[in-house]
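These figures come from a predicted structure and were not determined experimentally. Numbers for residues simply follow the sequence, beginning at 1.
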Amino acid sequence: MQLYGQEVASRLLVGTALYPSPAVMERAIQASGAGIVTVSVRREAGGGRSGDAFWRIIQSLGVKVLPNTAGCRTVKEAVATAELARELFATPWIKLEVIGDDETLQPDVVGLVEAAGILCRDGFEVFPYTTEDLSVASRLVEAGCRVVMPWASPIGSGQGIVSRSALQTLRSRLPDVTLIVDAGLGAPSHAAEAMELGYDAVLLNTAIAKADDPVAMARGFALAVEAGRLAHEAGLMPQRDFASPSTPVVGTPFWHAAG
């Protein structure tokens, strides 16, 4: 997979928040095989000894860092946070979040498009977190985004893909755009479904970090992403409204008891 010209081996991206301990986070990321992790700019900018220890773990894993503007609610705030991220992490990558609703954490799509345009013009390589709305995704592409990250359902909800048809439409209408399902995936089967739809990758955090065994769950998601991608590339059988025998009956001999 290519992301802004950089090759990434794994199609699973994971977050670094909510784990019961730094050690568990480290083992879970290793088990996931993820080559990219997201990091909250605000947490890292807070610094301190805990921040330094966290950063040493991330560096030791040898993964690419995708800083995010989590918690930003205005265009000005998101742009300023992205600029700080570029200084802190020495990367033009930024996961752009502009939150419009505190309860659902749904993106403010108007502000998102505006902020994306500003950042793209300033040389950032933007990964915008958005809804499954086609018109918004198209505007983000027009603003300069080569990657778009629609949600499956609200952040941390674990509902999985709520609007399968909308995600299918996005994939079919934006065939040349890298699409990553971000937010709402609660089970490995949800990740496999997203990959079967032809999405390029998935990003998740809560489903792994809050599992009873984050390390095992990370491995489960890694296998699901691989299985879903293989299924998409192999070509899924079409659904039918009627049965179709797997064993043909034409030419089958029938034996009759002698009368």
Side-chain angles (χ1 to χ4, degrees), residues 1 3 8-46 50-51 53-72 78 81-82 85 88-89 91 93-99 104-107 126-130 147-160 179-188 190-191 194-195 199-222 224-225:
M1 180 174 63
L3 296 175
V8 182
S10 173
R11 294 177 181 271
L12 174 61
L13 292 68
V14 299
T16 55
L18 304 176
Y19 291 89
S21 72
V24 171
M25 178 196 72
E26 181 179 10
R27 294 200 304 272
I29 292 173
Q30 290 173 328
S32 75
I36 298 174
V37 298
T38 59
V39 174
S40 169
V41 176
R42 294 189 173 199
R43 179 175 67 176
E44 188 60 23
S50 61
F54 168 82
W55 183 233
R56 284 196 296 272
I57 291 174
I58 297 302
Q59 288 179 310
S60 71
L61 291 170
V63 293
K64 297 180 185 294
V65 171
L66 175 59
N68 68 44
T69 64
C72 292
T81 303
L88 279 173
F89 300 103
T91 178
W93 282 13
I94 190 72
K95 182 189 173 190
L96 179 62
E97 298 183 23
V98 183
I99 301 301
T104 65
L105 299 180
Q106 179 168 325
V126 181
F127 296 66
Y129 160 65
T130 184
V147 176
V148 176
M149 305 176 73
W151 69 358
S153 51
I155 293 175
S157 69
Q159 296 178 37
L179 296 178
I180 301 174
V181 171
D182 175 20
L185 302 180
H190 299 161
M195 299 304 294
Y199 276 72
D200 296 283
V202 299
L203 192 161
L204 56 117
N205 187 172
T206 308
I208 292 177
K210 301 298 285 185
D212 292 340
D213 185 341
V215 177
M217 186 63 76
R219 181 59 179 154
F221 270 100
V225 168

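- The minimum heavy-atom distance between A34 and V63, with the atom names listed, is O-CG1, 3.5 Å.
- A donor-acceptor pair is defined here as one N or O able to donate and one able to accept, closer than 3.5 Å; no such pair exists between the side chain of T206 and the backbone of G156.
- Atoms NE2 and CG, from H190 and L204 in turn, are 11.5 Å apart once rounded to the nearest 0.5 Å.
- Closest heavy-atom contact between L13 and A201: CD1-CB, 3.9 Å.
- For the atom pair L66 CG and I180 CD1, the distance stands at 8.0 Å (nearest 0.5 Å).
- Residues W93 and I36 form a side-chain contact, since some pair of their non-hydrogen atoms from C-beta on lies under 4.5 Å apart.
- In this structure, T69 contributes its side chain and E97 its backbone to a donor-acceptor pair below 3.5 Å.
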Start with the C-alpha gap between F54 and T16, add the side-chain angles, then the distance that decides, and say whether side chain to side chain contact (heavy atoms under 4.5 Å, CB included) holds. CA-CA 9 Å; F54 168 82; T16 55; 3.5 Å; yes
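- In this structure, I99 CD1 and C72 SG are separated by 9.0 Å, a value rounded to the nearest 0.5 Å.
- Exactly one of T104, L105, N205 qualifies for a side-chain contact (heavy atoms from CB on, under 4.5 Å) with I155. That residue is L105.
- For the atom pair L203 CG and N68 CG, the distance stands at 9.0 Å (nearest 0.5 Å).
- When all heavy atoms of A78 and L96 are compared, the pair lying nearest together is CB-CD1, 3.9 Å.
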Would you please test F127 and T38 for side chain to side chain contact (heavy atoms under 4.5 Å, CB included) and show each step? CA-CA 11 Å; F127 296 66; T38 59; over 6 Å; no
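- No side-chain heavy atom of T91 sits under 4.5 Å from any side-chain heavy atom of V65.
- Shown here for S153 and G160, the closest heavy-atom pair between the two residues is OG-O, 2.9 Å.
- Within the 4.5 Å cutoff, the side chain of I58 has heavy atoms near those of the M25 side chain.
- Taking NZ of K210 as the reference point, atom CE of M217 lies at 13.0 Å (rounded to 0.5 Å).
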Would D182 and K95 count as a side chain to side chain contact (heavy atoms under 4.5 Å, CB included) if you check the C-alpha gap in whole Å, the side-chain angles of each, and the deciding distance to 0.1 Å? CA-CA 11 Å; D182 175 20; K95 182 189 173 190; 2.9 Å; yes
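- Residues I29 and S32 share a closest heavy-atom pair of O-OG, 2.7 Å.
- Atoms CG and CE, on D200 and M195 in that order, are 7.0 Å from each other to the nearest 0.5 Å.
- Residues P214 and P20 share a closest heavy-atom pair of CG-CD, 4.4 Å.
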